[in-house]
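Read the structure below first, then the notes.
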Amino acid sequence: MQPLVYLAVRGWLGWIQFVERSRRAFLNSSLVLVAAGAVHCWAVVYSLFVAVHTRAMRFSGYHQGSSEQLPQAVALTETLAVSSLWVWLIAGFTTAAVRMLDEDADGLPLGTEDLKWGPILRFIRSPFLHSALGHAHSVSCVGLFVSIILLCATMATMKGGITVCESCLAIVAIGFAFPHMVLAGRRLSDSADQALSEVLPDDSLEAAAAEAAAIGPQLCVILSLADAPGHAYWWQNLMYTLASMAFIAAVVASARSPAKVANVALPPEKSESFVCLTMDVMTALSIILSYPHLNTWFLRIGVVAVIGCGVAAQFGPVREIYLDWLEPIFVIRSDSHKRVPNQQRQLIKIISWAAAVLCALVALWDIALHPLALASSVADSSR
C-alpha cells in the first residue's frame, strides 16, 4: 500500500507545481534533493524486494510460504532500509516541529524582555541542531541507497538466470541511487565535497539526482511488476532495454550539462510535468492490477480524495493553505534566464520520457493480459 500513498502524494505535489508554475517552484538545493530522494528511494527498494521475491517464487519453492528460501542478505537489507526510513521520518518531523516553533516565536517584541531568546529558542535556532538534522537526512539517504545496491547484488546472485527485465531494473535502480548517494555523502564530508567539486562540473550531481527522481522510481516499480508473469516477448525485452538505457543517458546528459544552477527555484517544463503525472498514474494501475486485493473501497475513497485535493487546488483559498504547508521548499520562482538551454540534452530527455511511457504501456498490457497476484507473504514483505 505504501507505494500507492507515495504515488498519490507525488502526483498531488506535481499537480500543485503545475498549477503554480508561473509563480512558484520547488527549491533545487542539495538538502531538498537528498531529503526527497529518501522517499523516492523507498519506492525503488519496494520494486527490488518485489523482484527478489518473484525470483524466489519461480526458482526456490518460495510459493510454499517458506521464507527460508530467501538469501540472508534480504533480511539484513530490509532491516537497513526500515532503520534508514525511521531516521528520515524522525529527522523530517523534527524539522517540521522546529519550523513551527520558530515561526510562533517570531512575533513583534513588546518589551526588552521579548528581545532575549530563551534556552529552547536558542537551541531551536542553533546551527548545531540544523546541521544535525541535515546530516540525519544524509545518513538515512545513504542507508537507503546502500540497500538498493545490496538488493541488486542479491538479485544477481540468486538461483535462476537473471531476466532482461531484472537487468533493466537493476540498471535503473543503480542509475537512480548513484547520484543521490554521492550527493548525500558529499554533504557529510567537506573534504569529499571539495574533491568532487574539482572533478565534476558545477551543479552536476544536483541535476543528475533531479533527473533520476523524475521517472526513475516509477520505472523501477513498473519493471519489477512487468517481470511477474515470468516471460516476455523479444520486443518487450527490447522496449525495457531501450527505456533503461535512455534513462541512464538522460541522467548522464543532465550531469554533463545541468539545466539550471543549484539553489534556484524553477518549475519543470510542461511536457516533463505531463510525463511524470502520466507515469504516476500508470505505475499505480500496474500495482492495482498486480495486487487485486488492494482494490477495495478504501482504495477507491483514497482515489476520490486525491482527485478532490487536486481539484481544490484550483480555488485560491485552498491553494493558499497548500502553499503555507509547502512554503519552506515551495518558494517564489526564479527568473527564467537562469535556465541553461542545451538542445542535445533536451533531445535525450525527450527520448527518455517517450521510452519510459512506452515501457509502462507495454508492461500494463502484459500485466493485464497475464494477471498474476503475488503471494500474500510477498506483498507483506514488499510493503
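Just so it is clear, the structure is predicted and the values come from calculations on it, not from any experiment.
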Exercise. Quick one: do Leu238 and Leu242 satisfy side chain to side chain contact (heavy atoms under 4.5 Å, CB included)? Show the steps, please.
Key: CA-CA 6 Å; Leu238 181 62; Leu242 174 62; 5.6 Å; no
Exercise. Not counting sequence neighbours, list each pair that qualifies as a side-chain hydrogen bond (donor to acceptor under 3.5 Å, both in side chains) and has a residue in residues 265-279.
Key: Glu269-Gln346
Tell me whether [X] contacts the main-chain N or O of [Y] through its side chain, where contact means a donor paired with an acceptor under 3.5 Å.
X: Glu166; Y: Cys152; answer: no
X: Ser83; Y: Leu80; answer: no
X: Arg345; Y: Ser257; answer: yes
X: Glu206; Y: Asn28; answer: no

May I ask whether [X] and [Y] are part of the same hydrophobic cluster, defined by side-chain heavy atoms of I, L, V, M, F, W, Y residues being less than 4.5 angstrom apart, directly or through others?
X: Val281; Y: Leu289; answer: yes
X: Val39; Y: Phe49; answer: yes
X: Ile149; Y: Val50; answer: no
X: Trp234; Y: Trp365; answer: yes
X: Tyr240; Y: Ile162; answer: no

Exercise. Among Ile, Leu, Val, Met, Phe, Trp and Tyr joined by side-chain contacts under 4.5 Å, find the other residues sharing a cluster with Trp15 and list them by chain and number.
Key: Phe18, Val19, Leu277
Can you give me the closest heavy-atom contact between [X] and [Y], atom names plus distance?
X: Met155; Y: Ala170; value: CE-CB, 4.0 Å
X: Ala255; Y: Ser204; value: O-CB, 3.0 Å
X: Phe247; Y: Val172; value: CE2-O, 3.6 Å
X: Leu7; Y: Ala284; value: CD1-N, 3.6 Å
X: Val45; Y: Leu144; value: CG2-O, 4.1 Å
X: Leu205; Y: Pro179; value: CD2-O, 4.3 Å

Expected list for residues 354-363: side-chain donor-acceptor pairs under 3.5 angstrom, two or more places apart:
none

Quiz item: His180 vs Phe145 aromatic rings, parallel, tilted or perpendicular, using cut-offs 30° and 60°?
Solution: tilted
Exercise. If the plane angle is over 60° it's perpendicular, under 30° parallel, otherwise tilted; pick one for Tyr233 and Trp235.
Key: parallel
Close side-chain approach of [X] and [Y], heavy atoms under 4.5 Å:
X: Tyr46; Y: Ile287; value: yes
X: Leu219; Y: Phe176; value: no
X: Pro217; Y: Trp42; value: no

Quiz item: Considering residues at least two apart in sequence or located in another chain, which fulfil the salt bridge (charged side-chain N to carboxylate O under 4.0 Å, His left out) criterion with Arg23?
Solution: Glu20
Practice problem: Could you tell me which residues satisfy salt bridge (charged side-chain N to carboxylate O under 4.0 Å, His left out) with Glu211, sequence neighbours excluded, listed by chain and number? | Solution: Lys349
Restricting to side-chain contact (heavy atoms from CB on, under 4.5 Å), what partner residues turn up for [X], sequence neighbours left out?
X: Val264; value: Lys260, Val261, Leu266, Ser334, Lys338
X: Ala249; value: Ile348
X: Ile171; value: Ser244, Met245, Ile248
X: Ser22; value: none

Quiz item: Given the rule in the ring pair (Phe, Tyr, Trp, His ring centres under 6.0 Å) test, do Tyr322 and Trp12 qualify, once you have shown the distances and angles that lead to the verdict?
Solution: CA-CA 11 Å; Tyr322 293 166; Trp12 175 74; 5.0 Å; yes
Quiz item: Restricting to pairs with a member in residues 39-52, which pass salt bridge (charged side-chain N to carboxylate O under 4.0 Å, His left out), not counting sequence neighbours?
Solution: none
How far does [atom1] of [X] sit from [atom2] of [Y], to the nearest 0.5 angstrom?
X: Leu225; Y: Asp366; atom1: CG; atom2: CG; result: 11.0 Å
X: Ile367; Y: Leu285; atom1: CD1; atom2: CG; result: 9.5 Å
X: Ile288; Y: Leu299; atom1: CD1; atom2: CG; result: 4.5 Å
X: Gln17; Y: Phe330; atom1: CD; atom2: CZ; result: 4.5 Å
X: Leu364; Y: Thr283; atom1: CG; atom2: OG1; result: 8.0 Å
X: Thr296; Y: Ile301; atom1: OG1; atom2: CD1; result: 8.5 Å

Mind listing the side-chain donor-acceptor pairs of residues 306-316 below 3.5 Å, one per line with the distance, residues two or more places apart or on another chain?
none

Quiz prompt | Set of side-chain hydrogen bond (donor to acceptor under 3.5 Å, both in side chains) partners for His40, sequence neighbours left out | solution = Tyr6, Arg10
Practice problem: Please step through side chain to side chain contact (heavy atoms under 4.5 Å, CB included) for the pair Val44 and Leu151, ending with a clear verdict. | Solution: CA-CA 10 Å; Val44 179; Leu151 284 172; over 6 Å; no
